[in-house]
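Below you'll find the structure, written out as structure tokens, and then a few comments.
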Amino acid sequence: MADAVVSSLVEQLTSIIGQEIQLEVSLVLGVDKEVKKLTSNLQAVQAVLIDAERRGMKEVTVKVWLDQLKRVSYDMEDVLDEWKTAIMKLQMGGVENAVVPQKKKVCSFFVSPCFCFKQVGLRRDIALKIKDINENLDGIAKSKDMFNFRVMESVEEPQRVKSVSFLDVSEIRGRSEEKNTLISKLLCESSEQQQQGLHIISIVGIGGIGKTTLAQLAYNDNVVMGSFDKRIWVCVSDPFDELRIAKAIIEGLEVSASNLCELESLLQQINQSIVGKKFLLVLDDVWTENYNKWEPFHRCLKNGGRGSKILITTRKETVARVMESIDIITIKELSDEECWLLFKRLAFFDRSSKESEKLEEIGKKIVGKCKGLPLAAKTVGGLLRFKRTREEWQNILDSEMWELEKFEKDILPLLLLSYNDLPSMVRRCFCYCAIFPKDYKMVKDQLIKLWMAQGYLGLEQNKELEIIGQDYFDNLATRSFFQDFEKDDDENIVRCKMHDIVHDLAQFLHKDECFTARVDYLKETFIIPSHHEKVRHAMLMIGRQASFPDSVGSFKMLRSLAVYNHDYDYSSIGNALRKLFGQLKCLRALNICGSFTCSHPIKEIPKEIEKMIHLRYLKLSWVKVEEFARGMLLPQGIGKLVNLRHLKFDNVSLSYMPQGIERLTCLRTVSYLNVRDDGQYGGKACTLGCLKNLNNLRGLLELKGLANVSNIEEARKAELEKKKNLSHLNLFFDIEETIAENMNEDDEVVLQAVNEAVLEALQPPRDLEKLGIFYCRASSVFPGWILSLTRLTNLTLSWGINCEHMPPLGKLRFLEMLHIEKMTSVKKIGEEFLGIDSAALSSSSSSSYMVFPNLKGLSFLAMDKWEEWDVSITQGEEDIEIMPGLCSLTILYCPKLKILPDHLLQRTTLEKLKIHECPFLAQRYKKETGEDWTKVSHIPIVEFQ
């Protein structure tokens, strides 16, 4: 991994020098020689790092040398980041009291009049740090010669996994015989077994043999799912944390335990919740052989209904005996044939039969070294998928890694073999995952953003960092480093996990740099590890009534901090954050996740956050927030975080976003911006014009409070059309309830006109894919620019209270999903909805003209006054096709609607019709008895409620 750090440093040095040349200004004048020497030393060290990292697995002295190199390299990254930040501030005219130098003028670091004394001191500090680091690196570079390292080429770029050929290794299953045996035991309810008490089944086998996979196959079996009232899955792991396990069981039982914090209280809640209920409890990855830890659970789980089962997976048969298992299923290694088939499916995927035949003989020899372990076959199969030649396969077969014994927690040597084959930058991304606890569901998008925040995806040049991150993720997933994928409707991966042995590997490789801990008031004082100076990434899970540990500030070099909790006093974290922002000056990512139920919510983010100049990622989620000091949450100094790329607030209410946001030109994602120009907050709130230079925004952008905008010019200044990477835009014209209640008719007319003008001024980029318009008081929510959105596939219109007639949405020829909600003034939807263009119709060369040609889903919600839906075709328009591909039609809470258009119901493509709280429709289309049931009976899924 040191290779990735050093490569990054060389790239950053080159970038900084290039920036200074482009700006024609030298911020750190006088260190030219130091920079050249630094670059030379880095390149000399980089040449031998592949060999050094391989040898560092076995040779202690080499590992010590690598640790020294990493520490110096991290320090250098921080200094270069300070340097880049100073250049960025100068570039945006943001250096305090500074005069941007005129073209052709060089600003001397030591004597320039261009900077105040404070800035001169900062630049001198950078120069001195570079000199000190260079001295340390010089010694490390010289000492490398004593190891006689070999010069080896590294893999520069990972091979990109084509989306069309991506194979989800999580879907590769086996063990059909063992699965059937396990299911029969889970379903068995013999009187003999009931007399033996709590029925516990254990799956026993070595790491990587497929215990968890087998348990999942049975747990998700349709017959098993229908045979139990409750199913609970708990990852136990090591150590056996009774409180966490008890809370996880309660969560699986879907009962509340928010006020419980004592183990005994939790166990009583479990006992009461399972009385008379047939449950299946899976305890995955159990290690403890201490019966005293298990006995309280055994006692409280006895009251379950007849046929209840507990299923345990463990690597040790002694654990199964201690937990009083009635049945023990010992998982054996796969047969040679089964292992070969598993390996073959991965290694030969997307190859021609001729190419596969040439590699089959050597492939079977490699499979022989997998010793029948499914994880081994998957991992080495994923590795060889990218090796095209026989020579490359032979190198894998001959690798010395096969000769290594298992080390530290049964980590398999072949995982290390696959890890070493990764490009250095992908290895760094993999090791970062050690920050998460075992069985943690990683959100792919968040993970990529965290990699980006740490600089693991390199510097953006000709390729988007998000695309690079996706490539890295796919590379790791294809090699079986990730598994248990959760996907969205478009089959894109959303979440995933790591196999526990793969997680062991990440921790082994990154154990000194990642720290994960649970803080609970029942346990001893939070203990700082002895290697705290090496820790770079930390995750804390804080229990109820536990205080935020101030000692976290001892992690001086911390770059990531994640705080997760469901119930604790957030008043303590405010002061803690204030201290931390003064101590953790290297922090790149901060994530605080809390609960709505806390009694003392966060009231503000301390203004000291402006000191965190390295911060790239800031996220607050599920945190109850109270307004303070005129409703601000973020301090005015937020604009000083010029490196910030991701600003996320999930379920957090902000009254407004403070001014200064316009300086965050690196910002790529922001949950939402609450804008206004009414001066209510003394001019401290950001206006729409603040968006002008935020052209790196991408993905989803939500603009709230647009009803508070009256300056149309400010809306134009936002220049949304220049945000080329936006794919999803939501516009909220929400207005404060008290203001809405006191509006008279004239106020409503003025607001309606302003809403129309603001909406028209907020023209998004042409490539926008999703658009939502909410609470808009305009008489038409169909702005002129909408027809220019040639890639618009999803549209939501909600709360258009002044819109009496539906806009001509049929003109949106690429629309796939359309959702109409609370258009409370609409009484009839007629031909205007289709937006038929007479000129286009007459000039059409085809035999038919289509309206909504690509629409697949259509839904209407809460249309209180809607009575009639008539889209019949007038004479001369008989060849018009309406919604030819419609698959889903949903009508919810439309109490006055009496009938649906026949031609829509008769579409052969319609697969689902959902009607809720629509009494006339429910009666008309009721199964068998409704007068028009025959018109919908052909639809596969028809739902009424």
Side-chain angles (χ1 to χ4, degrees), residues 1-9 12 49 53 56 63-82 129 133 136-137 140 419 424-437 440 442 446-458 472 498 503 505-517 526-541 549 551-564 580-592 611-619 643 645-646:
M1 196 180 68
D3 184 25
V5 182
V6 173
S7 297
S8 175
L9 287 174
Q12 289 181 61
L49 279 179
E53 292 194 318
K63 187 178 184 302
V64 171
W65 180 83
L66 284 170
D67 286 343
Q68 292 174 344
L69 174 61
K70 277 199 293 185
R71 282 199 297 272
V72 172
S73 297
Y74 281 135
D75 291 342
M76 189 68 229
E77 276 192 331
D78 291 336
V79 174
L80 292 183
D81 206 39
E82 290 180 41
K129 287 179 180 178
I133 289 172
N136 292 330
L137 185 60
I140 292 172
Y419 167 81
S424 60
M425 46 280 199
V426 182
R427 293 203 299 269
R428 203 176 185 190
C429 291
F430 166 73
C431 288
Y432 184 83
C433 298
I435 188 178
F436 304 112
Y440 183 86
M442 297 178 290
Q446 181 184 29
L447 182 61
I448 291 174
K449 285 180 170 62
L450 288 170
W451 289 343
M452 189 188 304
Q454 300 301 324
Y456 296 168
L457 307 183
Y472 289 6
M498 298 177 76
H503 188 271
L505 174 64
Q507 286 194 321
F508 172 79
L509 296 168
H510 218 39
K511 60 183 177 182
D512 289 340
E513 295 192 7
C514 286
F515 178 74
T516 302
F526 180 71
I527 300 175
I528 295 294
S530 58
H531 63 278
H532 61 85
E533 291 184 356
K534 297 181 181 179
V535 174
R536 296 299 194 279
H537 313 287
M539 175 181 284
L540 305 179
M541 286 152 285
S551 51
V552 172
S554 300
F555 297 113
K556 300 292 185 184
M557 310 310 294
L558 207 62
R559 294 179 169 216
S560 302
L561 175 60
V563 182
Y564 288 87
L580 288 179
F581 291 157
Q583 295 169 322
L584 307 182
K585 296 183 179 180
C586 300
L587 208 63
R588 266 93 170 150
L590 175 62
N591 185 355
I592 301 176
K611 299 176 182 178
M612 314 300 292
I613 65 167
H614 299 290
L615 199 63
R616 265 89 169 160
Y617 180 97
L618 174 61
K619 181 178 180 181
N643 286 307
R645 290 174 177 266
H646 307 288

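Note: hydrogens, waters and symmetry copies are ignored here, and every other heavy atom, side chains too, is used.
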Once salt bridge (Lys or Arg N to Asp or Glu O under 4.0 Å) is applied, do any residues pair with K585, and if so which ones, sequence neighbours excluded?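 Partners of K585 by the salt bridge (Lys or Arg N to Asp or Glu O under 4.0 Å) criterion come out as none, since no residue qualifies.
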
Does R559 have any salt bridge (Lys or Arg N to Asp or Glu O under 4.0 Å) partners at least two apart in sequence or in another chain, and if so, which?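 Checked R559 against salt bridge (Lys or Arg N to Asp or Glu O under 4.0 Å); matches are E77, D78.
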
With under 30° as parallel and over 60° as perpendicular, where do the rings of H532 and F555 fit, or are they tilted in between?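 Ring orientation, 0 to 90° scale: perpendicular.
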
Geometric class of the Y472/W451 ring pair [parallel <30°, tilted 30-60°, perpendicular >60°]: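 W451 and Y472: tilted rings.
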
salt_bridge([X], [Y]) N-O dist < 4.0 Å:
X: K70; Y: E513; value: yes
X: D67; Y: K63; value: yes
X: D81; Y: R616; value: yes

State the [atom1]-[atom2] distance between [X] and [Y], to the nearest 0.5 angstrom.
X: Y440; Y: M541; atom1: OH; atom2: CE; result: 9.0 Å
X: Q68; Y: N136; atom1: CD; atom2: CG; result: 9.5 Å
X: E53; Y: L509; atom1: CD; atom2: CG; result: 9.5 Å
X: C586; Y: I613; atom1: SG; atom2: CD1; result: 9.5 Å
X: C429; Y: M452; atom1: SG; atom2: CE; result: 10.5 Å
X: L618; Y: I592; atom1: CG; atom2: CD1; result: 7.5 Å

With a 3.5 Å cut-off and no angle check, do the side chains of Y617 and Q446 form a donor-acceptor pair?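 There is such a pair (donor and acceptor under 3.5 Å, judged by atom type) between the side chains of Y617 and Q446.
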
Please name the pair of heavy atoms, one in [X] and one in [Y], separated by the smallest distance, quoted to 0.1 Å.
X: V72; Y: I133; answer: CG1-CG2, 3.7 Å
X: G553; Y: Q583; answer: CA-OE1, 3.2 Å
X: L457; Y: I448; answer: CD1-O, 4.0 Å
X: C431; Y: C514; answer: O-SG, 4.3 Å
X: F581; Y: K611; answer: O-CB, 4.1 Å

With no hydrogens and no angle check, is any side-chain donor or acceptor of [X] less than 3.5 Å from a backbone partner on [Y]?
X: H503; Y: F436; result: yes
X: S73; Y: V5; result: no
X: R536; Y: K534; result: yes

Heavy-atom distance under 4.5 Å between the side chains of [X] and [Y], does that happen here?
X: S560; Y: I435; value: yes
X: L450; Y: Y456; value: no
X: L540; Y: Y564; value: no

Check step by step if ring-ring contact (aromatic ring centres under 6.0 Å, His included) holds for H537 and Y432. CA-CA 8 Å; H537 313 287; Y432 184 83; 4.8 Å; yes

